[in-house]
Amino acid sequence: MIVLKDILYKVAIEAVKGSTEIAVNKIEFDSRKIQENDAFVAIRGTVSNGHDFIEKAINLGATTIICDTLPQIIATGITYVQVKDTNSALAFMANNYYDNPSSKLRLVGITGTNGKTTIASLLYQLFQKAGYKVGLLSTVKIMVNDVEYKATHTTPDSLTINYYLNEMVAMGCEYCFMEVSSHGIHQKRTEGLHFEGGVFTNLSHDHLDYHPTFAEYRDVKKSFFDHLPKTAFALTNVDDKNGAVMIQNTVARKLTYALKSYADYRAQILENQLSGLLLKINDNEVWVKLIGTFNAYNLLAIYGTAVQLGLDNIEVLRLLSELESVSGRFQFIVSKDKITAIVDYAHTPDALENVLKTINDIRTKNEQLITIVGCGGDRDKTKRPIMANIATEMSDKVIITSDNPRTENPATIITEMEAGVAPQNFKKSLSIEDRKQAIKTACQLANANDIILIAGKGHETYQEINGVRYDFDDMKIVKEFLEQLNK
């Protein structure tokens, strides 16, 4: 139990009805989870409004209600706290409830369109190899040192964030690396957290189903850096046209990384092969197991972050050479018939173009590149024709298929993608609605030395159709079909 007034520290309060000296069991924003003496925070979500469930929360035992609009009927014996913004209030209350765990860790947030998962996951891997206890909050998983938990969002809600940060502190973790999404920033999930550093990867077409304009999407990302303290560092990719914009108003220590521009941390690609990259980072050469220009940027961000956190630069290079690729990020296998199958999370036009460019830079052009691509339902529709156009322009054959159709008709999504295929590329594309059948067809079309790229789902081990999640693992399925061909 904790006293209500203690968990309201820093919350922008507009009115209070009742006592703030009462004890609170726990904080909840889901009325279904309410128990005796809980505080219920009424969040205005995209699907439902928590204010509609205030009465239900009270009936279940809530003694404190945090809301932005007071209900017409005020129940006796209940404390109502009217706040300016319930998302912000939840974030500060979660920080206070768990005794501000982020201030007891060296927390680094990574934001941008692409590369967040790779950078956060590999920083976690690198610092573990360096002998530290480390935490990770990513799209793929949550790690509290060696203990793994399932992730449900790129940036979890503020209660979940602070719960796991508190677990990390209890486990003796010194560092935590965290993906910070535009949704998470916009919904104030990271408010009140103490960041030691922030990293910007890049910005491209994504989430315009949520953000009305690209400018808003950019400015939401920028606001993360605007709120970093003077004691933090802000590391940005200045090869990206939005890289300088991100840090223009921050009071944090400004640092840059780049492959093409002058920067604090600079790299040059000396060799780019399917077996890895030879990089020259700030005058030192290092061979790494990761592939492609986009990973050169990721590794440079990791290098800069590790050095800023106090690791020796030569030791960081040694550790970079040991890093293994992240699940579903340019993950590949080679069959007995020498067919290479690559699974990648590329689900934005920019990410797909990067992956295809990487493959085309490495391949000899004596083999076919067969790309399987789809687009998610209930998400940004404007990128669908663009994704199909990129795939057909940069591949020898393309199979347009389902991704996670969610509540949309997969055939409609495919039709919207097909609209982006240029007339000269019609012959090299076909559409197969069933994703498993699309992967099977690609394997049947492939000959020795050919390359199959399966884009869009990466690490995901499910396919969501009409609100139901079915087991579906791109890597597992392509392995099975390639093994069947070898028999």
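Remember, it's a predicted structure, so these values are computed and weren't measured experimentally.
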Applying salt bridge (Lys or Arg N to Asp or Glu O under 4.0 Å), run through E28 and K26 and close with a yes or a no. CA-CA 7 Å; E28 291 290 356; K26 62 182 181 359; 3.5 Å; yes
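We find that R106 and E196 are joined by a salt bridge, their nearest charged nitrogen and carboxylate oxygen being less than 4.0 Å apart. Ion pair K84/D68 not flagged as a salt bridge, since none of the NZ, NE, NH1 or NH2 atoms sits closer than 4.0 Å to an Asp/Glu carboxylate oxygen. Of the charged side-chain nitrogens involved, at least one lies within less than 4.0 Å of a carboxylate oxygen, so that K104 and D99 count as a salt-bridged pair. By the 4.0 Å N-to-carboxylate-O rule, E408 lies close enough to R384 to be salt-bridged with it. Taking 4.0 Å as the cut-off between side-chain N and carboxylate O, R435 and D474 count as a salt-bridged pair. Look at D396 and R363 and you find a salt bridge, because one of the NZ, NE, NH1 or NH2 atoms lies within 4.0 Å of a carboxylate O, short of that distance. Note on K280 versus E285: no salt bridge recorded, every NZ/NE/NH1/NH2 to OD/OE distance being 4.0 Å or above.
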Side chains of residues 319-328: which donor-acceptor partners sit under 3.5 Å, not counting sequence neighbours?
residue : atom : partner : partner atom : Å
S321    : OG   : R318    : O            : 2.5
E322    : OE2  : R318    : NH1          : 2.7
E324    : OE2  : K289    : NZ           : 2.8

Could you give the side-chain donor-acceptor pairs of residues 296-303 under 3.5 Å, partners two or more places apart or in another chain?
residue : atom : partner : partner atom : Å
Y297    : OH   : D239    : OD2          : 2.6
N298    : ND2  : F294    : O            : 3.4
N298    : ND2  : N295    : OD1          : 3.1

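Within the 4.5 Å cutoff, the side chain of T293 has heavy atoms near those of the I269 side chain.
In this structure, CD in E191 is found 3.5 Å from OG in S88, a value given to the nearest 0.5 Å. Atom CD1 in I291 sits 15.0 Å away from atom CZ in R329 (nearest 0.5 Å).
The one candidate from D344, D350, I390 that meets the side chain to side chain contact (heavy atoms under 4.5 Å, CB included) condition with V355 is D344. Each of I161, L165, T190 was scored for a side chain to side chain contact (heavy atoms under 4.5 Å, CB included) with S102, with one residue passing: L165.
Across all their heavy atoms, F29 and I43 have their closest contact at CB-CG1, 3.8 Å. I399 and A438 get closest at one heavy-atom pair: CD1-O, 3.5 Å.
No close placement of the Y124 and Y175 rings is indicated, their centers lying 6.0 Å or farther apart.
Classified by interplanar angle (parallel below 30°, tilted 30° to 60°, perpendicular above 60°), the ring pair H347/Y345 is tilted. Classified by interplanar angle (parallel below 30°, tilted 30° to 60°, perpendicular above 60°), the ring pair F200/F225 is perpendicular. The aromatic rings of Y132 and F127 lie tilted to each other, with the angle between the two planes from 30° to 60°.
Relative to the ring axis of F233, R253 does not place its NZ or CZ within 45° and under 6.0 Å from the centre. Figure legend: cation-pi geometry between K188 and F92 absent, as NZ or CZ is not positioned both under 6.0 Å from the six-membered ring centre and within 45° of its axis.
Side chains of T348 and N114: a donor on one and an acceptor on the other come within 3.5 Å.
Listed by chain and residue number, Y164 satisfy the ring pair (Phe, Tyr, Trp, His ring centres under 6.0 Å) test with Y149 (two or more places apart in sequence, or in another chain).
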